[in-house]
Amino acid sequence: MNGLVSKAISNGSLNFATGDTSFNDFQRVYGLVQCTVDISSSNCSRCLHGAISELHNCCNGKQGGRIFRPSCNLRYEIYPFAQSMVPLSPPPRSPYPSQPLSANTSTTKLRSKRNSYVLALSIVIPSVITVLSTITFWFSCFGRKRTKTQKFDNVDDELHSTELQFNFSTLSAATDNFSEANKLGEGGFGSVYKGTLSDRHEIAVKRLSKNSGQGEQEFKNEVTLVAKLQHRNLARLLGFCIDGEEKLLIYEFMPNASLGQFLFDPNKCTLLDWARRYKIIGGIARGLLYLHEEFRLKIIHRDLKASNILLDIDINPKIADFGMARLFMLNQTQANTSRVVGTFGYMAPEYAMRGQFSVKSDVFSFGVLVLEILSGQKNCSYESDVSQDLLSHAWKHWKNGSALEMLDSTIKDTCSRGEAMRCIHIGLLCVQENVADRPTMPTVLLMLNSYSVSLDLPSAPAFYAGSRLILDPYPGQSEKQKISKHKSPDESAARSINETSISELYPR
């Protein structure tokens with residue numbers, strides 16, 4: 001494929017090449033590389049080499065594969081799938097002097113000439129159709145969805161030339177050289193700092209940890225995703241910075257930090273009256289609906305939790321932290337992964353145990369969030385006379401007809417009982433054990449906004465006390481690997497397994 005890149009950029013303005021080579025004694029491999037005609041040879045080479053570097057992620061061990069990028073694409077197979085574009089050259093001139101042609105000779109020559117034209121057309125037209133079909137197919141695929149195997153391992157070259165890019169020196173000055181006084185928080189993938197630009201505009205700078213290889217993946221994921229998202233209930237990405245080993249994301253600054261810092265603080269929680277909590281539930285629902293249905297790509301967040309819901313100055317919720325998000329194709333409904341990432345306590349059972357995730361995985365996390373907002377308690381650390389999780393606590397009260405008893409004491413006497421009961425009902429529908437029984441986000445929003453919509457009775461939630469499901473935080477791994485994971489320093493610092501966000505290398 002590298003050889004085809006050299007061939008493509010040497011073809012002048014074509015930026016296109018096909019070829020084949022011997023793979024072993026019995027088999028050949030065929031390849032195609034192509035760039036759009038509006039980019040230079042150097043940019044074409046850079047784009048194609050970046051695409052080649054992605055092959056090991058999507059196509060390792062496969063007999064064929066394709067990579068589509070905004071300005072280039074490539075493909076390889078073990079069978080010939082594209083005709084070679086060989087330029088037609090005129091026939092060699094005869095060394096003998098021309099002779100007058102007889103009538104039969106003229107007819108023969110004309111027939112031969114006609115056949116030559118037919119032959120030429122039969123070669124040129126299919127070649128042109130092949131090229132146009134390839135371009136059309138690429139634009140069609142890219143316009144709908146990126147392929148599900150896309151891992152965002154390379155930041156698009158186009159990002160480096162956009163107005164989103166910040167200078168590292170500018171960010172260093174804005175954060176007072178990333179001083180501890182300006183640190184807003186710290187996670188497994190780096191720290192977040194408050195910054196003030198020269199025009200007095202306040203920003204939040206997420207500085208990636210230099211020794212976190214997994215963090216680099218999260219950074220690239222956020223850059224390619226969040227830069228395209230525009231919704232009032234999603235945190236807005238203002239820009240990014242790549243400077244050597246330094247990789248940073250710049251977000252709009254949220255003066256009220258995260259929902260978790262309000263909800264689980266015994267003093268700040270009193271500021272969240274019923275009207276604000278109800279507005280927060282609706283805002284999160286609208287943000288998820290945008291990700292699942294209204295954006296041109298279907299996005300699964302995979303780490304929806306209270307600490308990833310930011311609050312602006314008016315306590316409007318903003319879904320943040322898209323480092324673990326995944327794209328789905330237009331008609332794709334679910335996917336599997338051997339790398340389970342997210343936060344226990346918010347993770348759907350089919351995802352935590354089998355690595356299966358879908359829009360219903362986010363719906364489960366949303367249901368947990370709703371019950372936390374209503375009760376003011378974390379799912380994983382509910383304190384009562386009987387040790388149990390929040391889902392079990394809510395289900396117990398629901399079955400006993402005392403659902404309102406689970407409400408936070410600061411809102412129990414002032415809330416709208418009808419709205420509160422409906423929210424509890426919706427939350428329990430979202431955390432049902434059976435994936436098919438959970439509603440979609442359009443249905444959730446309809447249930448929140450319309451009392452004319454009747455609600456189904458919920459079934460028992462996943463992970464409730466006595467559930468037949470047993471959570472395996474490391475599906476598909478040997479006992480030795482699991483023991484090794486439990487001995488890692490980051491995990492030993494976690495307060496409980498339900499509170500631990502997990503990733504392949506750096507839990508947080």
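Note that the structure is predicted; figures quoted are calculated from it, not measured. Numbers here are sequence positions counted from 1.
The two atoms that bring P442 and L289 nearest to each other are CG-CD1, 3.4 Å, heavy atoms only. Between R438 and A348, the shortest heavy-atom distance links the atoms NH1-CB, 3.8 Å. Contact between F178 and Y193 at its shortest, heavy atoms only, is O-CE2, 3.4 Å. Scanning both residues, V368 and V431, for their nearest heavy atoms gives N-CG1, 3.6 Å. Shown here for E372 and A306, the closest heavy-atom pair between the two residues is OE1-CB, 4.1 Å. Across every non-hydrogen atom of M347 and F364, the tightest pair is O-CE2, 3.3 Å.
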For this session: With side-chain contact (heavy atoms from CB on, under 4.5 Å) as the test, would you mind laying out the steps for V370 and C430 before giving the verdict?
Result: CA-CA 9 Å; V370 169; C430 291; over 6 Å; no
Problem set entry | Derivation of the side-chain contact (heavy atoms from CB on, under 4.5 Å) call for S375 and D408 | CA-CA 4 Å; S375 67; D408 190 342; 5.8 Å; no
For this session: Could you go through the salt bridge (charged side-chain N to carboxylate O under 4.0 Å, His left out) check for D321 and K305 one step at a time?
Result: CA-CA 10 Å; D321 200 341; K305 57 184 178 180; over 6 Å; no
Problem set entry | Candidate pair E54 and R69, rule salt bridge (charged side-chain N to carboxylate O under 4.0 Å, His left out), full reasoning | CA-CA 11 Å; E54 298 177 19; R69 309 188 84 202; 3.3 Å; yes
Problem set entry | Derivation of the side-chain contact (heavy atoms from CB on, under 4.5 Å) call for S402 and H397 | CA-CA 5 Å; S402 57; H397 279 298; 2.8 Å; yes
For this session: Apply side-chain contact (heavy atoms from CB on, under 4.5 Å) to the pair I309 and I284, showing each step before the final yes or no.
Result: CA-CA 8 Å; I309 306 298; I284 298 171; 4.1 Å; yes
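The CG atom of L448 sits 7.0 Å away from the CD1 atom of I281 when rounded to the nearest 0.5 Å. Remark: L288 CG to T440 OG1 distance equals 11.5 Å, nearest 0.5 Å. A distance of 11.0 Å separates CD1 of I411 from OG of S416, quoted to the nearest 0.5 Å. Rounded to the nearest 0.5 angstrom, F366 CZ and I319 CD1 are separated by 9.0 Å. To the nearest 0.5 angstrom, T410 atom OG1 is 4.0 Å from R277 atom CZ. To the nearest 0.5 Å, atoms CD (Q165) and CG (L248) are separated by 11.0 Å.
Contact check for M441 versus L291: no side-chain heavy atoms found under the 4.5 Å cut-off. Contact of the N316 side chain with the L311 side chain is not registered, since no non-hydrogen atoms from C-beta on lie closer than 4.5 Å. Residues W274 and E419 are in side-chain contact: their nearest non-hydrogen atoms beyond the backbone lie under 4.5 Å apart. Two residues are said to be in side-chain contact when any heavy atoms from C-beta on lie closer than 4.5 Å; R232 and R286 meet this criterion. In this structure, the side chains of K412 and L404 stay at 4.5 Å or more apart for every pair of heavy atoms. Side-chain contact check for L369 versus L259: some heavy-atom pair is nearer than 4.5 Å. Proximity of L429 to T443: side-chain heavy atoms (C-beta onward) are nowhere separated by under 4.5 Å. Side chains of L74 and L55 form a contact here, defined as non-hydrogen atoms less than 4.5 Å apart.
Q432 places a side-chain N or O within 3.5 Å of a backbone atom of D437 that can act as its donor or acceptor partner. With S172 contributing its side chain and F168 its backbone, the two residues share no donor-acceptor pair below 3.5 Å.
By the 6.0 Å and 45° rule, R422 stacks over the aromatic ring of Y451.
Qualifying salt bridge (charged side-chain N to carboxylate O under 4.0 Å, His left out) partners for K183, counting only residues two or more places apart in sequence or in other chains: E180, E186.
Aromatic ring centres of F166 and Y251: separated by at least 6.0 Å.
Heavy atoms from other residues, nucleotides or ligands lying under 6.0 Å from CD of Q63 number 12 at most.
The aromatic rings of F295 and Y290 sit tilted, their planes meeting at an angle between 30° and 60°.
Applying the ring pair (Phe, Tyr, Trp, His ring centres under 6.0 Å) test to residues at least two apart or on different chains, the pairs with a partner in residues 412-447 are W398-H425.
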